[in-house]
Engineer: 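Please read through the structure below; I'll follow up with questions.
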Amino acid sequence: MTTMESLIGLVNRIQRACTVLGDYGGADGALPTLWEALPSVAVVGGQSSGKSSVLESVVGRDFLPRGSGIVTRRPLVLQLHKTEAGQQEYAEFLHLPRRKFTDFALVRKEIQDDTDRLTGKTKQISPVPIHLSIYSPNVVNLTLIDLPGLTKVAVEGQPESIVQDIENMVRSYVEKPNSIILAISPANQDIATSDAIKLAREVDPTGERTFGVLTKLDLMDKGTNALDVLEGRSYRLQHPWVGIVNRSQADINKNVDMIVARKKEREYFATSPDYSHLASKMGSEYLAKLLSKHLEAVIKARIPSITSLINKSIDELESEMDHLGRPIAVDAGAQLYTILELCRAFERIFREHLDGGRAGGDRIYGVFDNQLPTALKKLPFDRYLSLQNVRKVISESDGYQPHLIAPEQGYRRLIEGALSYFRGPAEASVDAVHFVLKELVRKSIGETQELKRFPTFQAELAAASYEALERFREDGRKTTTRLVDMESAYLTVDFFRKLPQEVEKSPNPATPNADRYGETHFRRIASNVSSYIVMVSDTLRNTIPKAVVHCQVREAKRSLLNHFYTQVGRKEGKQLAQLLDEDPALMERRQQCAKRLELYKSARDEIDAVSWAR
């Protein structure tokens with residue numbers, strides 16, 4: 001195999017592999033980078049310009065649908081693979097990867113059937129390409145893209161937008177810098193009206209990427225010829241024009257073999273009084289060799305940039321593989337190790353949230369600095385210590401015997417009743433911090449990249465964390481309410497000893513119990529109790545956060561997954577494997593990434609080998 005065949009065959013193999021992996025382009029213009037970097041030939045022409053016949057002449061097989069009007073309704077990505085002499089010719093479709101077609105009439109039928117499956121049996125078009133590979137000793141290594149024929153008028157059954165739709169589709173292929181344009185024009189029409197040349201001039205104004213092909217030379221009026229075009233006088237391109245003589249409709253109807261048709265084409269040019277001096281540079285065989293030679297030059301020129309692109313892509317794919325994680329081992333020991341590593345990664349991020357390395361932990365301080373003080377200030381002590389309520393509580397505490405000096409039982413009952421209000425803010429602080437910790441667990445699981453591939457394990461880890469946080473919340477609730485109960489259980493005596501001991505005597509001993517003291521006395525009692533409650537509030541404002549942090553935050557940092565570790569350690573291999581059941585979409589993504597990585601590495605090695613052989 002020559003170096004040229006090696007280079008073009010390599011490009012074909014890479015493009016074929018890209019196609020199998022779905023790493024190919026389409027009419028939406030969003031071509032993946034490797035395919036975009038590799039050259040291919042886009043066949044452009046107006047309807048009935050002879051595009052299909054040119055392709056069949058290049059291939060040497062009759063395999064494309066025929067008919068009047070729009071026949072090619074989807075792009076056909078045709079990859080020709082040269083095989084060893086004597087091997088049987090066959091074709092393969094991407095959508096039928098395990099089926100080899102040796103009957104090319106069935107290839108034509110499948111192209112038509114697959115088009116109809118997508119567009120229906122109408123005259124609609126679709127940008128979704130059909131991928132066909134032909135393996136034959138009679139072809140050159142090429143990738144050709146047959147595009148729908150350009151048209152000027154929508155016919156019955158087509159939307160008015162089809163003219164622009166076809167042009168946009170064709171343009172999306174030919175405007176790519178690595179696309180070689182094969183512009184097909186019929187010789188029996190004025191070249192100035194050629195749709196293919198018009199579009200090629202717009203996307204390739206210098207003509208560097210355009211090859212002009214004249215068809216239907218044998219159908220020109222007698223006494224006329226196309227020498228002005230073929231010799232570059234009418235419209236000059238940087239590459240020579242090539243004339244083609246396709247099979248006549250009568251030959252097609254008679255199923256004249258393509259090999260015979262090629263022979264007749266050679267005889268036509270050799271014996272033509274107009275074109276015999278150009279015979280060596282005319283015909284479909286010459287066109288195929290010309291395109292191959294040009295492809296070789298393009299590939300050689302682009303090898304450095306293609307290699308650079310491949311190396312960059314390999315680095316990106318390897319980085320993505322590291323991000324996705326390697327496949328899980330099957331033995332229980334390795335699976336347990338993986339689970340522990342995942343837990344450590346999660347705990348590290350969770351602690352970073354609490355300690356300030358990541359956002360979120362500051363919300364716990366917000367509970368202590370804002371929510372708790374605000375809740376304490378909103379407690380209804382003004383209503384509870386109203387003159388009416390104080391008189392009621394004191395009087396009920398005295399019973400049938402009035403107090404002699406100070407209403408101690410009344411004081412105690414008032415204070416105990418007031419202190420009970422602190423339970424609400426204490427428990428609310430516990431719940432608020434619990435909510436923050438749960439949210440940080442959820443965020444930490446989402447931010448732990450290693451966990452993304454294991455949705456089942458994520459759910460188990462979240463459930464175990466929430467269960468632990470629930471235990472910590474219960475401990476926090478018990479501790480904070482115990483702080484409130486402690487304040488009720490033993491009052492600070494020194495506070496009351498420092499109060500002025502005044503007794504207000506009633507001027508009328510016969511007044512009822514409820515009025516045995518005046519309003520000033522009850523106001524002083526309310527003021528004293530209020531001062532004591534303020535003192536206790538200040539104390540609880542400092543001790544409740546300590547209790548919450550000790551019971552919830554500190555324990556979450558130290559032992560969030562301790563119980564989970566114990567449970568995991570008791571699991572058997574099958575149960576561990578179930579925990580590490582990956583997201584199918586991620587598994588598919590890793591598999592595709594691995595295949596692409598293998599493709600790119602293989603492409604790099606093959607390009608290097610061919611480059612050294614030159």
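Values in this document were obtained by computation on a predicted structure and should not be read as measured data. All residue numbers in this chain count up from 1 along the given sequence.
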Engineer: With a cut-off of 3.5 Å and sequence neighbours excluded, list every side-chain donor-acceptor pair involving residues 536-550.
Structural biologist:
| residue | atom | partner | partner atom | Å |
| --- | --- | --- | --- | --- |
| T539 | OG1 | M535 | O | 3.1 |
| N542 | ND2 | D538 | O | 3.2 |
| T543 | OG1 | T539 | O | 3.1 |

Engineer: How about F495: does its CZ atom have over 12 heavy atoms from other parts shown lying under 6.0 Å from it?
Structural biologist: yes
Engineer: What verdict does the side chain to side chain contact (heavy atoms under 4.5 Å, CB included) test give for Y365 and N370, after you've listed the backbone C-alpha separation in whole Å, the side-chain angles of each residue and the deciding distance to 0.1 Å?
Structural biologist: CA-CA 8 Å; Y365 177 71; N370 297 313; over 6 Å; no
Engineer: Does any non-hydrogen side-chain atom of D475 lie less than 4.5 Å from one of E555?
Structural biologist: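 No, too far: nothing below the 4.5 Å cut-off.
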Engineer: Under the salt bridge (Lys or Arg N to Asp or Glu O under 4.0 Å) criterion, do R344 and E347 qualify, and how do the steps go?
Structural biologist: CA-CA 5 Å; R344 292 188 188 102; E347 287 186 308; over 6 Å; no
Engineer: Please report the closest heavy-atom contact between G476 and Q552, naming both atoms and the distance.
Structural biologist: CA-OE1, 4.3 Å
Engineer: Could you check whether any side-chain N or O of S530 sits under 3.5 Å from a backbone N or O of A526, counting only pairs where one atom can act as donor and the other as acceptor?
Structural biologist: no
Engineer: Does a sphere of radius 6.0 Å around OH in Y565 hold more than 12 heavy atoms from other residues, nucleotides or ligands, not counting ones at 6.0 Å or beyond?
Structural biologist: yes
Engineer: Can you name the side chain to side chain donor-acceptor pair (under 3.5 Å) partners of E167, sequence neighbours left out?
Structural biologist: R171
Engineer: So, E598 and K601, do they make that salt bridge, N to O below 4.0 Å?
Structural biologist: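 Looking at K601 together with E598, the answer is no, because their closest N to O distance does not fall below 4.0 Å.
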Engineer: Below 30° counts as parallel, above 60° as perpendicular, anything between as tilted: where do the rings of F457 and F564 land?
Structural biologist: tilted
Engineer: So, are R412 and E416 salt-bridged, with charged N and O less than 4.0 Å apart?
Structural biologist: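 A salt bridge is absent here (no side-chain N lies under 4.0 Å from a carboxylate O).
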Engineer: Please test Y411 against I525 for side chain to side chain contact (heavy atoms under 4.5 Å, CB included), starting from the C-alpha separation and ending with a verdict.
Structural biologist: CA-CA 8 Å; Y411 266 108; I525 292 174; 3.7 Å; yes
Engineer: Got a second to check how far M321's CE is from R596's CZ, nearest 0.5 Å?
Structural biologist: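 CZ of R596 is found 12.5 Å from CE of M321.
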Engineer: Just wondering, more than 12 heavy atoms not from Y337 lying within 6.0 Å of its OH?
Structural biologist: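 Open: at most 12 neighbouring heavy atoms sit under 6.0 Å from OH of Y337.
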Engineer: Quick one: CG on L437 to CD on E470, what's the gap to the nearest 0.5 Å?
Structural biologist: 11.5 Å
Engineer: Judged by atom type as modelled, is there a donor-acceptor pair below 3.5 Å linking the side chain of S319 to the main-chain atoms of D315?
Structural biologist: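 Checking the backbone N and O of D315 against the side chain of S319, no donor-acceptor pair under 3.5 Å is found.
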Engineer: Which atom pair, heavy atoms only, marks the closest approach of R383 to N389?
Structural biologist: O-CB, 4.2 Å
Engineer: Give a yes or no on whether the backbone of A334 and the side-chain of T338 come within a donor-acceptor separation of less than 3.5 Å.
Structural biologist: yes
Engineer: What heavy-atom pair brings H434 and L469 nearest, and what distance separates the two atoms?
Structural biologist: ND1-O, 3.4 Å
Engineer: Heavy atoms only: give me the nearest I310-Y600 pair and the separation to one decimal.
Structural biologist: CG2-O, 3.3 Å
Engineer: What heavy-atom pair brings S444 and L440 nearest, and what distance separates the two atoms?
Structural biologist: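 Closest approach of S444 to L440: OG-O, 2.6 Å.
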Engineer: May I have all residue pairs that pass salt bridge (charged side-chain N to carboxylate O under 4.0 Å, His left out) and include part of residues 431-444, sequence neighbours excluded?
Structural biologist: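 Applying salt bridge (charged side-chain N to carboxylate O under 4.0 Å, His left out) to every pair that reaches into residues 431-444, excluding sequence neighbours, yields D431-R473, D431-R477, E439-R442.
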Engineer: Could you measure the distance from the CG atom of L461 to the CG atom of L342? Nearest 0.5 Å is fine.
Structural biologist: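 The CG atom of L342 is 8.5 Å from CG of L461, to the nearest 0.5 Å.
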Engineer: I'd like a table of donor-acceptor pairs (distance under 3.5 Å, sequence neighbours excluded) in which one partner is a side-chain atom from residues 350-361, with atom names and distances.
Structural biologist:
| residue | atom | partner | partner atom | Å |
| --- | --- | --- | --- | --- |
| R351 | NE | K557 | O | 3.1 |
| R351 | NH2 | K557 | O | 3.3 |
| E352 | OE1 | R358 | NE | 2.6 |
| H353 | ND1 | A359 | O | 2.5 |
| H353 | NE2 | E447 | OE1 | 2.9 |
| D355 | OD1 | K557 | NZ | 2.9 |
| R358 | NH1 | E447 | OE1 | 3.1 |

Engineer: I'd like to check the ring-ring contact (aromatic ring centres under 6.0 Å, His included) partners of Y384; sequence neighbours left out, ordered by chain and number.
Structural biologist: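 Y421.
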Engineer: Would you give the length of the straight line joining atom OG1 of T492 to atom OH of Y490, rounded to the nearest 0.5 angstrom?
Structural biologist: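 Going from OG1 on T492 over to OH on Y490, the span is 8.0 Å.
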Engineer: Nearest 0.5 angstrom please: L451 CG to I445 CD1, how far?
Structural biologist: 7.0 Å
Engineer: Could you state the interatomic distance from CD1 (I415) to OG (S420), rounded to the nearest 0.5 Å?
Structural biologist: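 One finds 12.5 Å between CD1 of I415 and OG of S420.
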Engineer: For E572, is there any backbone N or O sitting under 3.5 Å from a side-chain donor or acceptor partner on Q575?
Structural biologist: yes
Engineer: Quick one: does L597's side chain get under 4.5 Å of I314's, heavy atoms only?
Structural biologist: yes
Engineer: Check whether any side-chain heavy atom of L419 sits under 4.5 Å from a side-chain heavy atom of D485, and report yes or no.
Structural biologist: no
Engineer: Quick one: does any side-chain atom of R74 pair with a main-chain N or O of D114 as donor and acceptor, under 3.5 Å?
Structural biologist: yes
Engineer: I'd like to know whether CZ of R117 has more than 12 heavy-atom contacts from other residues, nucleotides or ligands below 6.0 angstrom.
Structural biologist: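 Yes - once you tally the heavy atoms of other residues, nucleotides and ligands closer than 6.0 Å, there are more than 12.
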Engineer: Taking the side chain as C-beta and beyond, is there a heavy-atom pair between S40 and Y173 under 4.5 Å?
Structural biologist: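 Not touching, per the 4.5 Å side-chain cut-off.
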Engineer: Answer yes or no: is there a side-chain heavy-atom contact under 4.5 Å between M169 and D165?
Structural biologist: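 Side-chain contact under 4.5 Å: no.
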Engineer: Determine whether T115 and R73 satisfy the following criterion, side-chain hydrogen bond (donor to acceptor under 3.5 Å, both in side chains), listing intermediate values before the conclusion.
Structural biologist: CA-CA 7 Å; T115 299; R73 293 186 284 129; 5.4 Å; no
Engineer: With sequence neighbours excluded, tell me which residues meet side chain to side chain donor-acceptor pair (under 3.5 Å) with R589.
Structural biologist: E320
Engineer: What I'd like to find out is whether the side chain of H95 reaches to under 4.5 Å of the side chain of H131, using heavy atoms alone.
Structural biologist: no
Engineer: Considering non-hydrogen atoms only, spot the tightest contact between Q458 and K452 and give its length.
Structural biologist: NE2-CA, 3.4 Å
Engineer: Below 4.5 Å, heavy atoms only, C-beta onward: do H563 and E467 meet side chain to side chain?
Structural biologist: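 In contact.
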